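Heads up: the structure comes next, in structure tokens.
These numbers come from a predicted model, not from an experiment.
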Amino acid sequence: MQLSKTYQSKDYEDRIYQEWLDEDIFNPDTCIKKGITSEKAEHFSMVLPPPNVTGTLHMGHAAMLAIEDVMVRYNRMQGKRTLWLPGTDHAAIATQSKVEKILFDTTGQTRHDLGREKFLKKVDNFAQNSHDTIISQAKKMGSSLDWSREAFTLDKQRNLAVKTVFEKMYKDGIIYRGDRIVNWDPKMQSNVSDDEIERIEETTDFYYLKYGPFTIGTARPETKFGDKYVVMHPDDKRYTKYKHGQKIELEWINGLVTATIIKDEAVDPKFGTGVMTITPWHDVTDFEIAQRHNLSYEQIIDENGKLMAIAQEFAGQDIFDARPKIVNKLKEKGLLVKIDHNYIHSIAKNYRGGGIIEPQIRTQWFIDVNKKFTLPHSNIDGIKSGDEVTLKQLMQTVVQTRQIKIIPDRFNKTYFHWVDNLRDWCISRQIWYGHRIPVWYKGDEIYVGVDAPQGDGWQQDPDTLDTWFSSGLWTFSTMGYPDTNNPDMKNYHPTTVMETGYDIIFFWVARMILMTTYTLGDIPFKYVYLHGMVRDEKGAKMSKSVGNVIDPLDMIEKFGADATRLSLMIGTTPGNDMKLSESKVAGFRNFVNKLWNISRYIMMTVQEVKHIETEPKANTIADEWILSELNQLIKDTSKDIDKFNFSQAGEKLYDFTWNKLADWYVEIAKIEKNKDDILLFVLGNLLKLWHPFMPFVTEVIWKNFSTDNQLVITKWPKVSSKKVDNNKFSTLQTIISNIRTLRVNAGITAGATTKIILVTTHNDLINFVQEYKTVIEKMTKTELELTTDKPTKDDLASIHESYFSLFTSISTVAKNKQAEEKKNLEKYILTLKNKLDSDFAKKAPKEIVEKEKEKLKQAEEKLNKFL
RNA sequence: GGGCGAUUAGCUCAGCUGGUUAGAGCGCCUCGUUUACACCGAGGAGGUCGCAGGUUCGACUCCUGCAUCGCCCACCA
């Protein structure tokens, strides 16, 4: 096979991926059939965090795919039963709003103009297209996903799982329906969960208003029409004369009202005047106060964000338009005390591009996280089958006991903080795209079940479920649930690792833990590995509007999938954001090419290209060195991947490939011959070690070896226990480096061959250099002459004239260098001696003291050579 | 307001449970058109590890405080 000078990723990647698909080796069932793994082998399983069907893959997805594929390919090569299960998420709100926007932008229609059925068809269409794009992109990255098991969070099987769990929870009393204050998005006409809103700080006016004998503060005067409770802290001395329950007549926006005094600890006496009025229908705190004291409440703002009849002359107006008019009226009535213009107010926004949240009291479905129920069957450490528990306890227990380990560790704290403060989860949404709530009503009757009830007159609840409800089931809804006899459930659940971004630890990771511990009495996964966000080279979030987005497909097109993968794995650590630039990817493209050329050279020089399975015999110190370095590399790479240190593994592989194999061993192999077997052996193993990181180029090179198997299913290299002393080789390296430095410092042009007379009285050195003379000479472009005598005038004269100045300059340089080195060495020895004279010798652990003594000995020996 | 993280070479970051003279990649400088590779090779410069204390024989590493930046959470009307 003729190999091109540079690796052209485009010529190979699609074809290689197709070949893997043809062999069906991403499917563990096929691997068992082919004997690549066995039914009895340990399993490694992972479900892909399903990308939303809202568009295309971004760099974050690419990072996720790269990291997960490393784990999967590594474990597959280890011979484990390995399953990586793909899918996509319907992402209810995100997808619906995207389609609504497209619909409105293109036709000016809203979803209501189309009607539920027609609109949903449009969304399905969009989702299908988006899905197809995403899948093809995942393939471009080289992801070894088992496509035969692909799932969608909104398909029939997942819908059955959703309905089954819903029914079960309802029967356990965990799911309930209630009137609660929710985050209403008037733009989307739906409520959203606390996690779906983001707060934005805004500088607004803050109004101090006269409310009878009190002054109250508010940033939102338009909500104040119905305020008839005035609240203060029970211990506030300023207001002791007012008693709880006392009634006061006062003039308010639209005339006289009777206000009731309420004492409640929720009021901060230090804030403003320490007195506030409440609007329970549109404020969470106020709602809670109202509930505590059994107060009545009234709706002021309707679902569209317009004022209601209570606002009288302002009724029907948009709240934001009405505000200045209301303030004006308050001013005219003399109720406006003052305005603070620099008030920082946080407003809640629906983070999926929706509108400004207006809290509203509405009837919704909730999951009660504090309700006790009996867990019939438990595989959870610390909880026995039949124990009475709450969802919150389950979520806490599995992480506390370390049955689920979160990487990096610090996210445990984040997780607990969230779970400990978790409130009931509102799961109903007033949008159309999603799992319809499996509840039917007929008059006062209510029916909850997987299938629609028999008989006429039943109306299904129009709402759909929060998208995270179905995502929460993902690890087991993809494995056949509710059919618990499904072999996948037995063979691959709980999954081994959940790898995802730290930004969705609450949304998703916590919900999966909730859903799985509840439904199965088991953990969904053993490890949670959290990766950071991919940012631009300045550390800014990538966003379309800023224009700093790096598209993974562009990078693959330009530099290849392997380089793109490396750039997302090397130099990044779990839980920390990673900065990415095109030049970083380009750098790794250079490296991919380096590996390509090392391979190309070996393939071209070697007598016969064949796969060498067992370690060949080492004939020289270079052979011994490279084999032991390889051995260490296998050890390190395996350990690092096992410990999720992908970056470190990559760095060590990089170092070996470039700085050891290419720069030293291959160069020496040009001088010392008969290294075919070792070159092939090292290369073969190196390809295996690199394969999880860069599957394409390694597979392409592997094809040159005449083996039947694809690299993707070869066995991971084994560590040999042989011990080798590499001191000799490092001496050789030192000598070569020194001579090279000498040459450069003496200003000798790189191409020219020079003569060097090595004068030394050390016989070991003479002997050593004599032994490796050829290698040293060729590696340093020199002719060596060895002598124990100081050169006489005659000697110098005998050297060809053109070498004469060279010799003298080299000696001067060498002398200076030596002097400098000697000085450093003496300093170092002094430091060591002082250290050993101090308490260090008495108090430090023995082996460390020994090590220091050894160092001293070596340094002193080295110094002796100078003298 | 609470919590978390970061601060190490010009840039991007490693540095595991305290123990060599603190590392890598990129960039920079010098030299080189050597038939594997210019997507290359050889050599080099560059850091009092944010600041101030403390613990220790020994601190980039542990503790306390401070500063700057970033993120997350929270019902301050």
Exercise for review: Could you tell me whether A:Arg589 contacts a base, only the sugar-phosphate backbone, or nothing, with contacts defined as non-hydrogen atoms closer than 4.0 Å?
Suggested key: base

Exercise for review: Ignoring hydrogens and angles, state whether a donor on the side chain of A:Ser737 or A:Gln733 is under 3.5 Å from an acceptor on the partner side chain.
Suggested key: no

Check your understanding: Starting at the 5' end of RNA chain B and moving along, which residue's nearest nucleotide shows up first, A:Ala841 or A:Phe506?
Key -> A:Ala841

Practice item. For A:Asp503, report the nucleic acid contact type (base, sugar-phosphate, nothing); a contact means any heavy atom under 4.0 Å. Key: nothing

Review point. Does a nitrogen or oxygen in the side chain of A:Lys5 sit under 4.0 Å from OP1 or OP2 of B:rC40?
Key: no

Revision key, fill the gap. pair_partner(B:rA38), Watson-Crick or wobble, both distances < 3.5 Å, evaluates to none

Check your understanding: A:Phe411 near the nucleic acid: base, sugar-phosphate alone, or nothing, with a heavy-atom cut-off under 4.0 Å?
Key -> nothing

Point to revise | Short side-chain N/O contact to B:rC13 OP1/OP2 from A:Lys579, under 4.0 Å | key: yes

Point to revise | Nearest-neighbour nucleotide for the A:His417 side chain, B:rC73, B:rC39, B:rG41 considered | key: B:rC73

Practice item. Describe the nucleic acid contact of A:Val267 in one word from base, sugar-phosphate, nothing, applying a heavy-atom distance below 4.0 Å. Key: base

Point to revise | Quiz item: cation-pi between A:Arg220 and A:Trp281, 6.0 Å / 45° | key: no

Point to revise | First encountered from the 5' end of RNA chain B, between A:Thr218 and A:Tyr654 | key: A:Tyr654

Review point. Distance between the P atoms of B:rG19 and B:rA59, in whole angstroms?
Key: 11 Å

Check your understanding: Does A:Gln648 make a side-chain donor-acceptor contact with the base of B:rA24, cut-off 3.5 Å?
Key -> no

**Study point:** Complementary nucleotide of B:rG19, counting Watson-Crick and G-U pairs under 3.5 Å
**Key:** B:rC57

**Study point:** Salt-bridge present (A:Asp839, A:Lys842; N to O < 4.0 Å)
**Key:** yes

**Study point:** Nearest-angstrom distance, P atom, B:rA22 to B:rG50
**Key:** 15 Å

Review point. Below 4.0 angstrom from OP1 or OP2 of B:rC75, is there any side-chain N or O of A:Arg423?
Key: yes

Exercise for review: State which of B:rC76, B:rC75, B:rA36 makes the closest approach to the side chain of A:Val666.
Suggested key: B:rA36

Practice item. Looking at every strand, decide which applies to A:Lys413 at a 4.0 Å heavy-atom threshold: base, sugar-phosphate, or nothing. Key: sugar-phosphate

Check your understanding: Within the structure, does a side-chain N or O atom of A:Tyr343 lie under 4.0 Å from either OP1 or OP2 of B:rA77?
Key -> yes

Review point. Who does B:rC69 pair with, Watson-Crick or G-U, both distances under 3.5 Å?
Key: B:rG5

Check your understanding: How far does the P atom of B:rU64 sit from the matching atom of B:rC29, given to the nearest Å?
Key -> 45 Å

Check your understanding: Nearest-Å distance, CD (A:Glu537) to C1' (B:rG10)?
Key -> 15 Å

Revision key, fill the gap. Answer for the Watson-Crick or wobble partner of B:rU33, both distances under 3.5 Å, is none

Exercise for review: Verify whether the ring centers belonging to A:Phe656 and A:Tyr654 lie closer than 6.0 Å.
Suggested key: no

Review point. Heavy atoms under 4.0 Å, any strand shown: does A:Gly217 hit a base, just sugar-phosphate, or nothing?
Key: base

Point to revise | B:rC40 OP1/OP2 closer than 4.0 Å to side-chain N/O of A:Asn590 | key: yes

Check your understanding: So what does A:Thr414 touch, heavy atoms closer than 4.0 Å: a base, only the sugar-phosphate, or nothing?
Key -> nothing

Practice item. For A:Lys670, answer base if it contacts any base atom (sugar-phosphate contacts may also be present), sugar-phosphate if it contacts only those atoms, and nothing otherwise; contact means non-hydrogen atoms under 4.0 Å. Key: base

Review point. Can you tell me how far P of B:rC26 sits from CD of A:Glu582, to the nearest Å?
Key: 17 Å

Check your understanding: Looking only at heavy atoms, what is the nearest atom pair of A:Asn593 and A:Thr6, with distance?
Key -> OD1-CA, 3.1 Å

Point to revise | Rounded interatomic separation in angstrom, taking CG from A:Asp205 and P from B:rA77 | key: 14 Å

Review point. Do the ring centers of A:Phe588 and A:Phe559 come within less than 6.0 Å of each other?
Key: no

Practice item. Please state how far atom CE in A:Met779 lies from atom P in B:rU34, giving the value in whole angstrom units. Key: 17 Å

Review point. Under a 4.0 Å N-O cut-off, is there an ion pair linking A:Asp264 with A:Arg292?
Key: yes

Revision key, fill the gap. Scanning all shown strands, the Watson-Crick or wobble mate of B:rG25 with both distances under 3.5 Å is B:rC11

Practice item. Look at all strands and tell whether A:Ala662 reaches a base, only sugar-phosphate, or nothing, counting heavy atoms closer than 4.0 Å. Key: base

Review point. Checking only heavy atoms, does the side chain of A:Lys842 share a donor-acceptor pair with the base of B:rC57 at less than 3.5 Å?
Key: no

Point to revise | C1'-based separation of B:rC62 from B:rA38 [nearest Å] | key: 48 Å

Practice item. Indicate, with a heavy-atom threshold strictly under 4.0 Å, whether A:Asn576 touches base, sugar-phosphate, or nothing. Key: sugar-phosphate

Exercise for review: Look at the side-chain N and O atoms of A:Trp658 and state whether any lies under 4.0 Å from the OP1 or OP2 oxygen of B:rA24.
Suggested key: no

Review point. A:Leu566 has an atom CG; how far is it from atom P of B:rC39, in whole Å?
Key: 19 Å

Exercise for review: Using the P atom on both, measure B:rU34 against B:rA14 and round to a whole Å.
Suggested key: 39 Å

Check your understanding: B:rG15, B:rC57, B:rC26: which one has an atom nearest the side-chain heavy atoms of A:Lys843?
Key -> B:rC57

Check your understanding: In terms of ring plane angle, is the pair A:Tyr7 and A:Tyr12 parallel, tilted or perpendicular, where the classes change at 30° and 60°?
Key -> parallel

Check your understanding: Think A:Ser599 has a side-chain N or O under 4.0 angstrom from the OP1 or OP2 of B:rA36?
Key -> no

**Study point:** B:rG5 versus B:rU20 - spacing of their P atoms, nearest Å
**Key:** 26 Å

Review point. P atom, B:rA74 versus B:rG3: distance in rounded Å?
Key: 15 Å

Check your understanding: Is the gap between the ring centers of A:Phe507 and A:Trp418 under 6.0 Å?
Key -> no

Point to revise | Distance, rounded to the nearest Å, where A:Phe287 contributes CZ and B:rA77 contributes P | key: 19 Å

Review point. Whom does B:rC76 pair with, Watson-Crick or G-U wobble, provided both distances fall under 3.5 Å?
Key: none

Exercise for review: Name the nucleic acid region contacted by A:Glu198, choosing base, sugar-phosphate or nothing; use a 4.0 angstrom heavy-atom cut-off, strictly under.
Suggested key: nothing

Practice item. Return the orientation label for the A:Tyr502 and A:Phe411 ring planes: parallel under 30°, perpendicular over 60°, tilted otherwise. Key: parallel

Review point. Over how many whole Å does the gap from A:Phe507 atom CZ to B:rC72 atom C1' extend?
Key: 12 Å

Exercise for review: Please give the nucleotide sitting opposite B:rA45 as a Watson-Crick or G-U wobble pair, both distances under 3.5 Å, or none.
Suggested key: none

Practice item. Could you measure between the two P atoms, the one in B:rU21 and the one in B:rG58, and give it in whole Å? Key: 15 Å

Practice item. Would you kindly give the CZ-to-P distance between A:Phe840 and B:rG19, to the nearest whole Å? Key: 11 Å

